[in-house]
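Since the structure comes first, as structure tokens, the remarks are kept for the end.
What you see is a predicted model, and the numbers here were worked out from it, not measured in a lab.
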Amino acid sequence: MRDHHLRAWLRLVETGSIRGAARSLHMSQAAITKAIRELEEDLDAPLVVRSSLGITLTDCGRELTVRARQAQNQLALARQDIRQLMGGEHARVSVAVTPMVFLGVLPDVLRDFRRSMPLADVTLEEGLMPSVVPALRAGSVDFAIAALIQETLGREFEFEPLRTLEIVVVGRKGHPLAKAKRWEDVVDCDWVMQLSPGSQHTFLLDQLERLGLPLPRRIIKTNTYGVTSSLIGTTDALTTVPHGMLKIESQMHPLIRIPVNIPLQPLALGIVTLRDNPLSLAATKFAGLFREALTRKA
């Protein structure tokens, strides 16, 4: 399996046809066909199903696509690191950052990173766990600063815990149930939740079931923290967040802790990477700055 095999394969997947891949790579259709056939022979597995409608990837083909993209990303990082060492083109780094971090230490970390790599291209994405996992697999982010229940992370990932986050029920300042202590007092409120697989609110519902408590019936589902923050700060809806968010959020929407007496499982805040995929020099520097900032504020 050589680099030109993987380039041909990925371009075939992207364009959806032998002809499209050949045109994109400025190669003949026969050369693309030969490369795919050699890949299938090397792997001893069918990668595509050909029909009059075009090609369809087999399960083996889809698995190869994930790994091939990772391999190409690693080669790109190697080229980038070497150019940096030779004083050439500036670096690129992409990071997924949980709201606890982008509302907290991120400005200081980014400032320090800019001092050492002023020309680096930096991409920041919202690091809620349901979006972090596919992004790391695809190589679209180098690493994530995420809050999660550590036992739920797959073995294909590595996790370096930096802090433990206490989870609390929160609502707006002046909420009519500001002093509620029983779950039964708040269960009938509107609850703003992110319910994609792997989210902290999915585990919250599982925990309530294990405790034998009734589940909220009025759930407003969101997939961004911005929407959640706005709703909690301006309506009587409730949610759960790390306790440290209360100090941060006071600058935007005054939030308060609702002292509901239920044990909520804490989250671990730390660095998530794809196992056996070394970071670039720029990403290593960025991750180190996050590590210093988060352990310093623990």
Side-chain angles (χ1 to χ4, degrees), residues 94-104 106 124-138 140-141 143-171 183 186-187 189-211 213-233 235 237-246 248-249 252-253 255 257-258 260 262-275 290 294:
S94 178
V95 185
V97 187
T98 188
M100 179 74 184
V101 171
F102 70 65
L103 293 174
L106 178 59
L124 298 171
E125 300 185 7
E126 187 168 320
L128 297 176
M129 278 308 296
S131 61
V132 164
V133 168
L136 285 170
R137 284 180 180 145
S140 59
V141 299
F143 66 91
I145 306 296
L148 52 87
I149 296 175
Q150 188 168 350
E151 295 77 13
T152 64
L153 196 61
R155 295 181 63 183
E156 63 190 304
F157 301 101
E158 291 186 354
F159 180 64
E160 179 187 351
L162 300 175
R163 297 173 62 180
T164 299
L165 304 178
E166 178 190 7
I167 303 302
V168 297
V169 177
V170 298
W183 175 248
V186 299
V187 66
C189 291
D190 280 323
W191 283 83
V192 182
M193 293 185 172
Q194 214 284 346
L195 292 181
S196 297
S199 70
Q200 63 154 311
H201 292 137
T202 299
F203 295 114
L204 169 62
L205 296 181
D206 291 342
Q207 186 178 9
L208 291 173
E209 284 190 313
R210 289 194 299 271
L211 293 172
L213 297 173
L215 300 182
R217 289 175 292 179
R218 297 165 53 183
I219 295 178
I220 302 171
K221 301 174 185 177
T222 68
N223 58 11
T224 67
Y225 183 75
V227 173
T228 300
S229 175
S230 178
L231 287 174
I232 299 303
T235 72
L238 302 177
T239 194
T240 59
V241 300
H243 185 262
M245 296 290 288
L246 294 178
I248 298 171
E249 282 291 337
M252 301 171 61
H253 300 296
L255 298 184
R257 177 177 183 173
I258 310 295
V260 179
I262 56 172
L264 298 175
Q265 185 169 355
L267 299 179
L269 178 67
I271 302 173
V272 186
T273 55
L274 192 64
R275 190 178 299 277
F290 276 115
L294 291 172

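- T98 has its side chain out of reach of V132: every pair of non-hydrogen atoms, C-beta onward, lies at least 4.5 Å apart.
- Interatomic distance, L211 CG to I262 CD1, rounded to the nearest 0.5 Å: 7.5 Å.
- At a cut-off of 3.5 Å, with distance as the only test, no side-chain donor of S199 or S196 sits close to an acceptor on the other residue.
- A donor-acceptor pair is defined here as one N or O able to donate and one able to accept, closer than 3.5 Å; such a pair exists between the side chain of T235 and the backbone of L231.
- Residues that satisfy the salt bridge (charged side-chain N to carboxylate O under 4.0 Å, His left out) test with E166, not counting sequence neighbours, are R257.
- Between L136 and V141, the shortest heavy-atom contact is CD2-CG2, 3.6 Å.
- Residues V186 and W191 are in side-chain contact: their nearest non-hydrogen atoms beyond the backbone lie under 4.5 Å apart.
- The shortest heavy-atom contact between I149 and P266 is CG1-O, 4.3 Å.
- T240 contributes no side-chain N or O that, together with a main-chain N or O of I167, makes up a donor-acceptor pair within less than 3.5 Å.
- S131 is not listed as a side-chain neighbour of E125, based on a closest heavy-atom distance of 4.5 Å or more.
- Closest of all the heavy-atom pairs between A147 and L165 is CB-CD1, 3.8 Å.
- In terms of modelled atom types and a separation under 3.5 Å, the side chain of W183 and the main chain of L215 share no donor-acceptor contact.
- When all heavy atoms of Q194 and N223 are compared, the pair lying nearest together is NE2-CA, 3.7 Å.
- Contact check for L255 versus M245: no side-chain heavy atoms found under the 4.5 Å cut-off.
- S94 contributes a side-chain N or O that, together with a main-chain N or O of S140, makes up a donor-acceptor pair within less than 3.5 Å.
- Side-chain contact check for L148 versus V272: some heavy-atom pair is nearer than 4.5 Å.
- The two residues G171 and I232 come nearest to each other via the heavy atoms CA-CG2, 4.0 Å.
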N/O donor to acceptor pairs below 3.5 angstrom from side-chain atoms of residues 203-210, sequence neighbours left out:
{"unit_1": "Q207", "atom_1": "OE1", "unit_2": "Q265", "atom_2": "N", "d": "3.3"}
{"unit_1": "Q207", "atom_1": "NE2", "unit_2": "P263", "atom_2": "O", "d": "2.4"}

From CA spacing to verdict: side-chain contact (heavy atoms from CB on, under 4.5 Å), L124, L106: CA-CA 10 Å; L124 298 171; L106 178 59; 3.9 Å; yes
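- L294 is listed as a side-chain neighbour of L269, based on a closest heavy-atom distance under 4.5 Å.
- For the pair T228 (side chain) and T224 (backbone), a donor-acceptor distance under 3.5 Å is present.
- Remark: E156 does not engage R275 in a salt bridge, criterion side-chain N to carboxylate O under 4.0 Å.
- Here the CG-CD distance, from L195 to Q200, works out to 10.5 Å after rounding to the nearest 0.5 Å.
- Judged purely by atom type and a 3.5 angstrom limit, H243 has no side-chain atom pairing as donor or acceptor with the backbone of V168.
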Residue pair V169, L264: steps toward the side-chain contact (heavy atoms from CB on, under 4.5 Å) verdict: CA-CA 9 Å; V169 177; L264 298 175; 4.2 Å; yes
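- Inter-residue side-chain proximity for F157 and R137 is flagged as met; some heavy-atom pair is nearer than 4.5 Å.
- Counting heavy atoms from C-beta on, the side chains of Y225 and S230 never come closer than 4.5 Å.
- The ring pair (Phe, Tyr, Trp, His ring centres under 6.0 Å) test applied to F143 returns no partner, not counting sequence neighbours.
- Between I258 and L238 the shortest heavy-atom distance is CG1-CD2, 4.1 Å.
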